[in-house]
Amino acid sequence: MSETTTARTVTDILQPRNTLVAGMVGIGLAAAGDWTGIPWGLLGALCAGLIPAGYIEWERSRGTWGDRHVVDRTKRAPIFFVILGSIGLGSLGMVLGDAPTGILVAMLALWAMTVVLLAVNSFWKISVDSAVASAVPALLAVVHSPWWLLVYVLTIAVCWSRVALTYHTVAQTVAGASLGAATAAAFLVA
């Protein structure tokens with residue numbers, strides 16, 4: 001398997017949508033302490049990952065973007081606004097439904113991370129894939145177990161794949177991963 005094929009496989013399997021589905025369910029479980037956290041995690045995954053991914057696919061079908069990576073940073077702002085709106089509505093639903101605090105804090109942390117991604121993206125291309133790949137294990141480590149930090153080997157793989165595919169520079173992936181890790185800080189003050 002060539003380096004490009006390996007990088008494409010890594011970036012496709014560990015794309016934000018997939019990472020958020022697995023991670024938010026885990027955060028929901030840990031936040032609730034039992035199976036009742038699964039629906040909250042699924043709501044979080046829907047709002048933070050699946051709706052934005054669906055929006056990207058819809059725009060692709062209209063010919064707005066060539067692929068899900070939206071490599072042209074100047075075309076990314078609408079995605080960020082969809083993410084912010086979707087996470088915001090999901091968070092409101094969690095407040096009204098009395099969701100466990102941990103999953104709500106995770107949603108708000110992801111919302112804040114998206115605000116920073118939008119702000120940085122206005123003048124510099126930052127890696128969203130690296131940010132999400134870093135935020136999820138950091139959030140799981142805080143809400144569940146520090147052992148989740150071992151998953152950072154996958155974060156490194158995502159960063160490598162983004163650089164290998166020439167979608168980002170090393171600096172852009174490091175910045176994204178650093179922002180993702182900082183997302184967990186919301187738990188430290190909650």
Side-chain angles (χ1 to χ4, degrees), residues 3-4 6-20 23-24 44 47-60 62-88 90-91 105-139 141-142 149 151-189:
E3 179 178 326
T4 302
T6 302
R8 167 85 45 219
T9 301
V10 168
T11 208
D12 286 345
I13 291 172
L14 297 174
Q15 64 181 287
R17 172 193 68 204
N18 299 341
T19 301
L20 285 162
M24 294 305 280
C47 295
L50 297 175
I51 289 174
Y55 172 70
I56 291 169
E57 289 305 314
W58 178 68
E59 287 289 4
R60 281 184 60 201
R62 294 178 53 214
T64 307
W65 303 313
D67 65 12
R68 75 159 188 89
H69 304 289
V70 192
V71 293
D72 182 352
R73 120 184 128 68
T74 63
K75 294 184 178 182
R76 290 179 162 189
I79 299 167
F80 291 120
F81 289 118
V82 167
I83 295 168
L84 290 170
S86 183
I87 292 175
S91 298
V105 171
M107 288 288 280
L108 296 175
L110 290 171
W111 191 88
M113 181 181 82
T114 304
V115 168
V116 175
L117 287 169
L118 173 61
V120 171
N121 188 74
S122 67
F123 63 88
W124 188 61
K125 187 175 174 186
I126 187 169
S127 176
V128 174
D129 287 57
S130 298
V132 172
S134 178
V136 168
L139 290 166
V142 173
L149 293 175
V151 176
Y152 262 92
V153 70
L154 297 177
T155 304
I156 293 167
V158 168
C159 293
W160 166 80
S161 74
R162 307 304 289 170
V163 172
L165 293 169
T166 66
Y167 292 151
H168 292 285
T169 65
V170 171
Q172 291 164 344
T173 61
V174 168
S178 298
L179 175 60
T183 303
F187 276 98
L188 301 176
V189 297

So do Leu84 and Val115 actually touch side chain to side chain, heavy atoms under 4.5 Å? yes
With a 4.5 Å limit on heavy-atom distance, are the side chains of Phe81 and Leu118 in contact? yes
Rounded distance (nearest 0.5 Å) linking atom OG of Ser161 with atom CD1 of Ile156: 12.0 Å
Which heavy atom of Leu139 sits nearest a heavy atom of Ala109, and at what distance? CD2-CB, 4.4 Å
Which pair of non-hydrogen atoms, one from Ala138 and one from Tyr152, has the smallest distance, and what is that distance? CB-OH, 3.5 Å
Quick check against the 3.5 Å criterion: does Thr183 have a side-chain atom that pairs as donor or acceptor with the backbone of Ala135? no
Decide whether Ser127 and Asp129 meet the rule of one side-chain donor and one side-chain acceptor closer than 3.5 Å. no
To the closest 0.5 Å, what do you measure between SG (Cys47) and CG (Leu110)? 11.0 Å
Do Tyr167 and Thr173 touch side chain to side chain, with heavy atoms closer than 4.5 Å? no
Any donor-acceptor N or O pair under 3.5 Å, side chains Arg162, Thr11: yes
The complete set of side chain to side chain donor-acceptor pair (under 3.5 Å) pairs with one or both residues in residues 47-58, sequence neighbours excluded, reads Tyr55-Glu59, Glu57-Arg60
So which atom in Ile87 and which in Trp111 form the shortest heavy-atom distance, rounded to 0.1 Å? CG2-CB, 3.7 Å
For the residue pair Arg17 and Ala53, what are the closest heavy atoms and their distance? CD-CB, 3.8 Å
Could you list the residues that satisfy salt bridge (Lys or Arg N to Asp or Glu O under 4.0 Å) with Arg8, not counting sequence neighbours? none
The test is side-chain contact (heavy atoms from CB on, under 4.5 Å); show your working for Val158 and Thr19 and say whether it passes. CA-CA 11 Å; Val158 168; Thr19 301; 6.0 Å; no
Going through the checks in order, is the side-chain contact (heavy atoms from CB on, under 4.5 Å) test met by Ile126 and Gln172? CA-CA 5 Å; Ile126 187 169; Gln172 291 164 344; 5.5 Å; no
Compare all side-chain heavy atoms of Val132 with those of Met113 and state whether any distance is below 4.5 angstrom. yes
Closest heavy-atom pair and its distance - Gly44, Met107: CA-SD, 3.6 Å
With side chains defined as the heavy atoms from C-beta onward, is the minimum distance between Val70 and Thr64 less than 4.5 Å? no
Evaluate the criterion side-chain contact (heavy atoms from CB on, under 4.5 Å) for residue pair Thr6 and Trp160; output intermediate values, then yes/no. CA-CA 10 Å; Thr6 302; Trp160 166 80; 4.0 Å; yes
Nearest heavy-atom approach of Ala181 to Ser134 is N-OG, 3.1 Å
Nearest-0.5 Å distance that lies between atom CG in Leu117 and atom CG in Leu179: 5.0 Å
Are Pro137 and Leu149 side-chain neighbours, meaning at least one heavy-atom pair lies under 4.5 Å? no
Where do Ser91 and Leu108 land on the side-chain contact (heavy atoms from CB on, under 4.5 Å) test, with the steps shown first? CA-CA 7 Å; Ser91 298; Leu108 296 175; 3.9 Å; yes
